[in-house]
Amino acid sequence: MGRHDSLLPADYVHHLPQQDITIAEALQDHGYTTFFAGKWHRGDEGAYPEDHGFPINKGGRDKGSPMGGYFSPFENPKLEDRHDGENLSERLAKETNDFIATHQDSSFFCLPVLLCGSRTHTDHTGKMGEISGKGHRKWYCGQRVYHGKKIAYPHSQDNPIYAGLAETMDDAIGIVLDNLEKLGL
C-alpha cells in the first residue's frame, strides 16, 4: 500500500453493499419520497444513490469531487449544467429547495450533502466575490504528536480563499434553512 509505518490501513469497501438497508430505503417502505444532492462517493454503476433508496439524485456519483470543478460546467452526468460559472454549492441548495417545495405536503426525506460538502476539502479555488474581504480572522490550530515527535502546523488560519469557501458552504446551508422557515417546515 506504499505505507512506511507500523500501522496497516483498514480494508476499504468501494461500494455500499446492496444488502445494507439505508435510511432512505427504510423510509421509502413507509411512503416517503427521498432525495439526494451532492457528494456520494459510495460506489459506481449499481451503487449510486438511486440504487440505495434515492430515486431523485442530483449530483451523486462515484467520484468524491466534481470533475469539472465547483463552477459549471461540472462534468457530472448526474447533474445537468445550466449556465457557465454557476456555483455548485448554491446549485445543490436550489435543487434541495425545489424538491422540498414540491414535496412539502407529503412525507419526504432529503439528504443534501452540501451540508457537509467537499467544498473545503480540496481544490481551493473560488470566485473573487467569495474571497474579497476574507482572511482577517485567525483560527488557532496548534500542534499534534506523530510517532512521538511534535509536528508543528500553523497556529492561525488566515487563508482568504479557504475562508471564502467556508462562507459559500454556509450561504448554501442558509438558502435551505431560509426556505424551510419560509415554508413553515
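For clarity, every value in this text was computed on a predicted model and none was experimentally measured.
To the nearest 0.5 Å, atoms CG (N97) and CG (L92) are separated by 11.0 Å. To the nearest 0.5 Å, the span separating OG1 on T102 from CZ on F35 amounts to 10.0 Å. Within the model, atoms NZ of K63 and CD of E75 stand 11.5 Å from one another, a figure rounded to the nearest 0.5 Å. For the atom pair I100 CD1 and E95 CD, the distance stands at 12.0 Å (nearest 0.5 Å). Taken from CZ in F108 to CD1 in I56, the straight-line distance is 11.0 Å, to the nearest 0.5 Å.
Note on I175 and F71: separate hydrophobic clusters, where clusters join Ile, Leu, Val, Met, Phe, Trp and Tyr whose side-chain heavy atoms are under 4.5 Å apart, directly or indirectly. Under the 4.5 Å side-chain contact rule for hydrophobic residues, W40 and L27 share a cluster. Clustering ILVMFWY residues whenever any of their side-chain heavy atoms sit less than 4.5 angstrom apart, transitively, puts L88 in a cluster other than the one holding M67. Note on L111: it does not cluster hydrophobically with I21, by side-chain heavy-atom contacts below 4.5 Å among ILVMFWY residues. Under a hydrophobic clustering in which Ile, Leu, Val, Met, Phe, Trp and Tyr are joined whenever their side-chain heavy atoms come within less than 4.5 Å, directly or via other members, I23 and Y32 fall into the same cluster.
Nearest heavy atom pair, residue A24 against residue G53, reads CB-O, 3.3 Å. Of all heavy-atom pairs spanning P73 and D84, the tightest one is CD-OD1, 3.7 Å. Listed here is the closest heavy atom pair of T96 and C110: CG2-SG, 4.1 Å. Minimum heavy-atom separation, F54 to T34: CA-OG1, 3.6 Å. Shown here for P49 and F36, the closest heavy-atom pair between the two residues is CG-CD2, 3.8 Å. F74 and R91 get closest at one heavy-atom pair: CE1-NH1, 3.9 Å.
Residue R42 qualifies as open at atom CZ: its count of foreign heavy atoms under 6.0 Å is 12 or below.
Every ring pair (Phe, Tyr, Trp, His ring centres under 6.0 Å) that H14 has, sequence neighbours left out, goes to Y12.
Sorted by first and then second residue, the side chain to side chain donor-acceptor pair (under 3.5 Å) pairs with a member in residues 44-59 read H15-D44, E50-N57, E50-K78; sequence neighbours excluded.
Judged purely by atom type and a 3.5 angstrom limit, D171 has no side-chain atom pairing as donor or acceptor with the backbone of E90.
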